[in-house]
Protein chains: 2
Amino acid sequence: MRIEDEIQQKDFKDDHRRMVVNLLFTNNWLNQQFIPFFKQFGLTLQQHNVLSIVRGQQPKPVCFGEVQERMVDRNSNVTRLVDKLIEKGYVTRDICQANRRMIELRLTPKGTELLSQIDEQMPTFFHRFHNLTQEEAVLVSKLLDKLRG
Amino acid sequence: MRIEDEIQQKDFKDDHRRMVVNLLFTNNWLNQQFIPFFKQFGLTLQQHNVLSIVRGQQPKPVCFGEVQERMVDRNSNVTRLVDKLIEKGYVTRDICQANRRMIELRLTPKGTELLSQIDEQMPTFFHRFHNLTQEEAVLVSKLLDKLRG
DNA sequence: GTACATTATTTGTGTATACAAATATTAGTA
DNA sequence: TACTAATATTTGTATACACAAATAATGTAC
């Protein structure tokens, strides 16, 4: 459905404005897809992002700063996200002995297990994004990279 | 900058996953552009969206349901957004006499004035999105429309 | 080794989001 | 007219975001 019809706005000032509104709108649509998906597993999008980052560095532990740098949403508050993940038993937090300002984050077996469960569901979940061909998906990524400069 | 470098993730499972992450990341980047821009005027992105919608229907008043349908971010709570706008004196809220469940929203002269001020700054602000040509901007919109189906 | 800057994380605060439930008004129906 | 359903908005609540300030540990210069 065209963005003009989605938000019932007949005419945009120019094509760049239409594109920006479309990006914002599409992001909300994306969130509406992701929120219930991760909710099944008791996670938010950002919590899952943190878990994935910790897993990605295994077997090395990860500190908060590294997590922040790699997060898709940089504005998330890593301390409070991790608090939730510890409560749920998916990660552990230890003070780094080499530099006691730093925190070492590690995935627990329970966290590893949860991520595998989610991985299993991912291919099915991602079917909904296959309205675009592989070539088009590559093109969108290229254009977004170019947009941000 | 390529999304792989932005979030330091070497390899995505496939092109659709890279695209989705890129969309989420780009949306955060977009927000970081818009938040300070609207903050100059004491508004949030959603508050500005509401004001624009009310102006778009002038001289007819607008009810909350219409605003919700036309908002780029449908999850916003119109009641509470409008509370803020009334506090600041940019809109008025009246009970519709024909159907007293409904609310009539109208822009005040102060609201009209604020929107004009913002309009003046818009072209300059949007320069930062001209890394893409007009053709590319059109293409992105088309692809996003197709993605959502 | 003391003072000051730097780095890493935490906390505080106001605002916003997500979602469910509540309230109020109108419409439809027996 | 009373009962029920539908519509429009509001409220409640837990969580999350944006941003500034605070805390804590380390590094560096003198």
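As the structure is a computational prediction, the values presented were derived from the model and not from experiment. Chain letters run A, B, ... following the sequence lines, proteins first, then strands; residues in each count from 1.
- Of the options B:Leu105, B:Leu114, B:Leu81, B:Ile118, a side chain to side chain contact (heavy atoms under 4.5 Å, CB included) to B:Leu51 is made by B:Leu114 and by none of the others.
- Between the CZ atom of A:Arg93 and the P atom of C:dA8 there is a distance of 17 Å, given to the nearest Å.
- Residues satisfying the side chain to side chain donor-acceptor pair (under 3.5 Å) criterion with B:Arg80, sequence neighbours excluded, are absent altogether.
- Atom-to-atom, CE of B:Met71 to P of C:dA16 comes out at 11 Å; the value is rounded to the nearest Å.
- Within the structure, every side-chain polar atom (N or O) of A:Gln68 is placed at least 4.0 Å from both OP1 and OP2 of C:dT9.
- For the contact set between residues 78-90 of chain B and DNA chain C, defined by any heavy atom under 4.0 Å, the members are B:Arg80, B:Lys84.
- The CZ atom of B:Arg100 sits 10 Å away from the C1' atom of C:dT26 (whole-angstrom rounding).
- Of the residues in residues 19-41 of chain A, none lies under 4.0 Å from DNA chain D by heavy-atom distance.
- Ion pairing between B:Glu136 and A:Lys146 holds under the 4.0 Å rule for side-chain N and carboxylate O.
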For residues 121-128 of chain B, please give each side-chain donor-acceptor pair under 3.5 Å, one per line with the distance, not counting sequence neighbours.
unit_1   : atom_1 : unit_2   : atom_2 : d
B:Arg128 : NE     : B:Phe125 : O      : 3.0
B:Arg128 : NH1    : B:Gln33  : OE1    : 3.1

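- Between A:Phe34 and A:Phe38, the angle of the ring planes stays under 30°, which puts this pair in the parallel group of the 30/60° scheme.
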Would you tabulate the pairs of protein nitrogen or oxygen atoms and nucleotide nitrogen or oxygen atoms of nucleotides 6-8 of chain D closer than 3.5 angstrom?
unit_1 : atom_1 : unit_2   : atom_2 : d
D:dT7  : O2     : B:Arg101 : NH1    : 3.1

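- Taking CG from B:Asn27 and CG from B:Leu23, the interatomic distance works out to 8.5 Å, rounded to the nearest 0.5 Å.
- Each of B:Gln46 and B:Cys96 was matched to the nucleotide of DNA chain C holding its nearest heavy atom; the match closer to the 5' end belongs to B:Gln46.
- Side chain to side chain, A:Thr112 and A:Arg55 fail the donor-acceptor criterion of an N or O pair below 3.5 Å.
- When the P atom of D:dT11 is taken as reference, atom CG of B:Asn77 falls 10 Å away, rounded to whole Å.
- Between C:dT15 and B:Thr44, no contact under 4.0 Å exists linking OP1 or OP2 to a side-chain N or O.
- One finds no salt bridge joining B:Lys142 and B:Asp145 here, because no Lys/Arg side-chain nitrogen approaches an Asp/Glu carboxylate oxygen to under 4.0 Å.
- At a threshold of 4.0 angstrom between heavy atoms, the contacts of A:Asp73 are confined to the sugar-phosphate backbone, with no base atom among them.
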**OP:** Evaluate side chain to side chain contact (heavy atoms under 4.5 Å, CB included) for A:Asp5 paired with A:Arg2, printing each intermediate quantity in order.
**Re:** CA-CA 5 Å; A:Asp5 304 319; A:Arg2 283 162 61 239; 3.3 Å; yes
Under 3.5 Å donor-acceptor pairs involving side-chain atoms of residues 59-72 of chain B, not counting sequence neighbours:
unit_1  : atom_1 : unit_2  : atom_2 : d
B:Glu66 : OE1    : B:Cys63 : N      : 3.0
B:Gln68 : NE2    : B:Arg74 : O      : 3.0
B:Gln68 : NE2    : B:Ser76 : O      : 3.2
B:Glu69 : OE1    : A:Gln8  : NE2    : 3.4
B:Arg70 : NH1    : B:Gln57 : OE1    : 3.1
B:Arg70 : NH2    : A:Gln8  : OE1    : 3.4

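- Remark: the B:Asn22 side chain and the A:Arg148 side chain contain an N/O donor-acceptor pair separated by less than 3.5 Å.
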